[in-house]
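Side-chain atoms are counted along with the backbone in the values below, which use heavy atoms only and exclude waters and symmetry mates. Residue numbering restarts at 1 for every chain, and letters A, B, ... go by the order of the sequence lines. Since the structure is predicted, the reported quantities are computational estimates derived from the model, not experimental observations.
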Amino acid sequence: MLRFGLCCIFREEPIRFRATTAKALLSLDRRARLAKLSRLAMENASSLLAALEAVRRLGFGAFRVLSPLLPRYTHPEVGYRLEDLPGGDAITAKLREAAAFRALHDLRLSFHPDQFVVLSSPRPEVVERSLAELEYQGLMAELVGAETITLHGGGGYGDKGQALARWRKHFAELSPGVRGRLALENDDVTYTVRDLLPACEALGVPLVYDVHHHRCNPDGLSVAEATALAAATWREAGREPWFHVSSPRNGWGGNAPKPHADYLDPSDFPTEWLGLDATVDVEAKAKELAVARLMKELGAEPWMGKGRGG
DNA sequence: GCATGTCAAGTTGTG
DNA sequence: CACAACTTGACATGC
């Protein structure tokens, strides 16, 4: 069956993740800085557990975790380690509590590094920071039991072949824990499913198929073909396929940017996906309300975990 | 309280 | 050239 996933935050559920800025941290001495970071990290760890409880209650089967659970962790000036934080053990324990809840209810967790993480960049300093950020996200993924870190190909720099060769080279520099979790996702301006498949197959990296991006940035493959090719990269690894879907706020016409709408238009949901064993992250501004509405409109069953009769 | 300006980071495309 | 878009507005400050 299909399981539906929520991305990062909630519209109505009273669950919030906290952040801070490097500038604010730099105005504090080391002791006050670490105390503040510790407080925020503990709040975020508790919020993650609350988020997973809400996800389960709402009948969803997946959750995308907001990357900065530990705010500014890899910042060159205010970066730190978990062991540096007062109460670091309690933070770790709370994250492991979330991991246990995830496992008990068979929820699938992912991370999605933001736009600054670019393994295809020709600039060494960009790649270096990207590798550090991915190692941080790998550490978080390990702690909370997240299966996947979903990354885009990055920039094309006028030569996508060369850029992807750089991506593959830097992929090899990551730790095994990150390599084993990394997935590639087609994006809306540069890399299509057709572009990414050779790298995915060569590296054993599964392909997250975003049908919204595919419609913005087509490659001659039909939705059915792209679905089958992407799904094969997951099944090769004995894993369940992972897809993304969203609707454009201002319709599909024209070349203007296509920000996400509040809710899914059910006609944007590929009929090719119905009946598959797969995970579908719903990217919509109305968050859990949008996931719930889409499931209702599709007649989808709530996720109860594999082998739990759901 | 509330309005407003700011926030680490990359790359691309539009107007 | 400025700005929006991207997984996401939240935080810090000043009134």
Reported CZ-to-CG distance for the pair A:Arg16 and A:Leu66, which is rounded to 0.5 angstrom: 11.5 Å
Given Watson-Crick and G-U pairs under 3.5 Å, DNA chain C in dot-bracket ([ ] crossing, | other strand) is ||||||..|||||||
Would you kindly compare A:Ile9 and A:Ala24 by the position of their nearest DNA chain C nucleotide and give the one closer to the 5′ end? A:Ile9
Please list, in numerical order, the residues of residues 32-54 of chain A that have a heavy atom closer than 4.0 Å to any atom of DNA chain B. none
Examine the side chains of A:Asp195 and A:Thr192 and answer whether a donor and an acceptor come within less than 3.5 Å of each other. yes
Judged by modelled atom types alone, do A:Glu185 and A:Thr150 share a side-chain donor-acceptor pair under 3.5 Å? no
For A:Cys8, which contact category applies under a 4.0 Å heavy-atom criterion: base, sugar-phosphate, or nothing? base
Between B:dA9 (C1') and A:His75 (NE2): distance, integer Å: 8 Å
From B:dT6, C:dT8, C:dA12, pick the nucleotide closest to the side chain of A:Thr21? C:dA12
Which whole-number value in Å describes the distance from A:Arg18 CZ to B:dC7 P? 19 Å
Nearest whole Å is fine: how far is C:dA10 P from A:Ile15 CD1? 14 Å
Any side-chain N or O of A:Arg123 less than 4.0 Å from the OP1 or OP2 oxygen of B:dT11? yes
A:His152 has an atom NE2; how far is it from atom P of C:dC6, in whole Å? 10 Å
When rounded to the nearest Å, what value does the distance between C1' atoms of C:dT8 and B:dC2 take? 23 Å
With A:Arg11, which residues qualify under side-chain contact (heavy atoms from CB on, under 4.5 Å), at least two apart? A:Asp262, A:Lys285, A:Ala286, A:Lys287, A:Glu288, A:Leu289
Which residues pass the side chain to side chain donor-acceptor pair (under 3.5 Å) test with A:Ser222, not counting sequence neighbours? A:Glu225
Nearest to the A:Val189 side chain among B:dA8, B:dG13, C:dT8, which nucleotide is it? B:dG13
Please give me every residue in residues 283-291 of chain A whose heavy atoms get under 4.0 Å of an atom in DNA chain B, ordered by residue number. none
Between A:Phe269 and A:Phe4, how do the two ring planes meet: parallel, tilted or perpendicular, split at 30° and 60°? tilted
Under a plain distance cut-off of 3.5 Å, with no hydrogens placed, do A:His212 and A:Glu283 share a side-chain donor-acceptor pair? no
What's the gap between B:dA3 and C:dA5 when it is taken at their C1' atoms, as a whole Å value? 26 Å
Is there side-chain contact between A:Trp273 and A:Leu298, with at least one heavy-atom pair below 4.5 Å? no
For C:dA10, does OP1 or OP2 lie under 4.0 Å from any side-chain N or O of A:Thr20? no
According to a cutoff of under 5.5 Å between the ring centres and under 30° between the ring planes, does A:Phe116 stack with the base of B:dA9? yes
Rounded to the nearest 0.5 angstrom, the CG-CG distance for A:Leu164 and A:Leu184 is 7.5 Å
Pairs satisfying ring-ring contact (aromatic ring centres under 6.0 Å, His included), at least one member in residues 23-55 of chain A, at least two apart: none
Taking the same atom, P, in B:dA8 and in C:dT13, what whole-Å distance lies between them? 12 Å
By side-chain contact (heavy atoms from CB on, under 4.5 Å), A:Leu40 pairs with (sequence neighbours left out) A:Arg18, A:Thr20, A:Lys36, A:Pro71
By the rule that ILVMFWY residues connect when side-chain heavy atoms come within less than 4.5 angstrom, directly or transitively, which residues belong alongside A:Val208? A:Trp234, A:Trp242
Mind checking A:Ser67 for me? I need base, sugar-phosphate or nothing, with any heavy atom below 4.0 Å counting as a touch. nothing
Side chain of A:Thr190 only, please: which of B:dA8, B:dT12, B:dG10 is the nearest? B:dT12
I'd like to check the side-chain contact (heavy atoms from CB on, under 4.5 Å) partners of A:Glu135; sequence neighbours left out, ordered by chain and number. A:Leu174, A:Ser175, A:Val178
Could you state the CG-P distance from A:Asp187 to B:dG10, rounded to the nearest angstrom? 17 Å
Which residues in residues 154-174 of chain A have a heavy atom closer than 4.0 Å to any atom of DNA chain B? A:Gly155, A:Gly156, A:Tyr157
P atom, B:dG10 versus C:dA10: distance in rounded Å? 23 Å
In whole Å, I'd like the distance from the CZ atom of A:Arg72 to the P atom of C:dA10. 14 Å
Under 4.0 Å, counting only non-hydrogen atoms across every strand here, what does A:His213 touch: a base, just sugar-phosphate, or nothing? sugar-phosphate
Can A:Arg181 be said to sit on top of A:Phe111's aromatic six-ring, NZ or CZ under 6.0 Å from centre and within 45° of the ring axis? no
Please identify each residue that fulfils side chain to side chain donor-acceptor pair (under 3.5 Å) with A:His214, with sequence neighbours left out. A:Tyr209, A:Asp219
Please measure how far the P atom in C:dC6 lies from the corresponding atom in B:dT4, and state the result in whole Å. 25 Å
Indicate, with a heavy-atom threshold strictly under 4.0 Å, whether A:His244 touches base, sugar-phosphate, or nothing. nothing
Rounded to the nearest Å, what distance is computed from the NE2 atom of residue A:His112 to the P atom of nucleotide C:dT8? 9 Å
Starting at atom CG of A:Asn186, determine the distance to atom P of C:dC6, rounded to an integer number of angstrom. 15 Å
Contacts of A:Arg3 that satisfy side-chain contact (heavy atoms from CB on, under 4.5 Å) - sequence neighbours left out: A:Asp106, A:Arg108, A:Glu240, A:Thr279, A:Trp303, A:Lys306
